[in-house]
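All remarks here apply to the structure that follows.
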Amino acid sequence: MKSLAALRLVAVTHAIAICLQPILAGVYLNGSGDALRIHEPVAMAVGTIALIQLLVATIWWRSGGRLAAPLVSLLVLAGEGNQVSLGYSGDLAFHLPLGIALVTTAVIFAFWTLRQREEARA
């Protein structure tokens with residue numbers, strides 16, 4: 001099933017991209033203003049990848065995959081939308097824990113996709 005291979009590629013790409021965000025935040029807190037300027041476009045890229053992940057997960061589900069893939073992808077996409085809003089508002093009390101939850105979920109989801117088997121369709 002080519003859609004599972006595509007989902008794996010997108011999920012791993014998403015996990016790598018979202019893992020850059022706390023690194024950039026840490027570099028910013030260490031005194032580099034450039035890291036914050038990079039943090040914003042990476043966040044937009046992460047959100048775009050999350051949207052692509054939702055689309056590919058839905059295609060995989062509709063072709064015989066598991067419903068969990070588009071559901072988790074939708075929740076992550078919604079969380080990332082909130083994350084961007086919280087970042088712009090400077091509400092770090094919610095931005096940081098939500099960021100940790102999103103990174104964790106994206107990494108677990110990527111590993112989950114790698115463990116899925118392709119189903120033979122009749």
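Note: the hydrophobic cluster containing Ile108 does not contain Val76 (ILVMFWY, side chain heavy atoms under 4.5 Å, direct or indirect links). Under a hydrophobic clustering in which Ile, Leu, Val, Met, Phe, Trp and Tyr are joined whenever their side-chain heavy atoms come within less than 4.5 Å, directly or via other members, Val107 and Leu54 fall into different clusters. Under a hydrophobic-cluster definition in which Ile, Leu, Val, Met, Phe, Trp and Tyr are linked whenever side-chain heavy atoms come within less than 4.5 Å, directly or via other members, Ile52 and Trp112 are assigned to the same cluster. Cluster annotation: Val84 and Leu51 are assigned to distinct hydrophobic clusters (Ile/Leu/Val/Met/Phe/Trp/Tyr, side-chain heavy-atom contacts under 4.5 Å, transitive). Transitive grouping of hydrophobic side chains (ILVMFWY, heavy atoms separated by less than 4.5 Å) brings Ile49 and Val42 into a common cluster.
Between the side chain of Gln53 and the main chain of Leu7, no donor-acceptor pair closer than 3.5 Å is present.
More than 12 heavy atoms of other shown residues, nucleotides or ligands fall within 6.0 angstrom of atom CZ in Arg8.
The minimum heavy-atom distance linking Thr105 with Val72 is given by the pair CG2-CG1, 4.1 Å. Scanning all heavy atoms of the two residues, the minimum distance from Tyr28 to Leu36 falls at CD1-CB, 3.5 Å. Between Thr113 and Leu4, the shortest heavy-atom distance links the atoms O-CD1, 4.1 Å. Heavy atoms only, all atoms of each residue included: Ala110 and Ala15 are closest at CB-CB, 4.0 Å. Closest heavy-atom contact between Val103 and Cys19: CG1-SG, 3.9 Å. Between Ala50 and Leu77, the closest heavy-atom pair is CB-CD1, 3.8 Å.
Distance OG/Ser32 to CD1/Ile38: 7.0 Å, rounded to 0.5 Å. Here the straight-line distance linking atom CD of Glu80 with atom CD of Gln21 works out to 9.0 Å at 0.5 Å rounding. In this structure, Leu98 CG and Gln83 CD are separated by 4.0 Å, a value rounded to the nearest 0.5 Å. Separating the CZ atom in Phe109 from the CG atom in Leu75 is a distance of 11.0 Å, to the nearest 0.5 Å. Taken to the nearest 0.5 Å, the CG atom of Asn82 stands 11.0 Å off from the CG atom of Asp91. Atoms OG and NE2, on Ser89 and His95 in that order, are 9.0 Å from each other to the nearest 0.5 Å.
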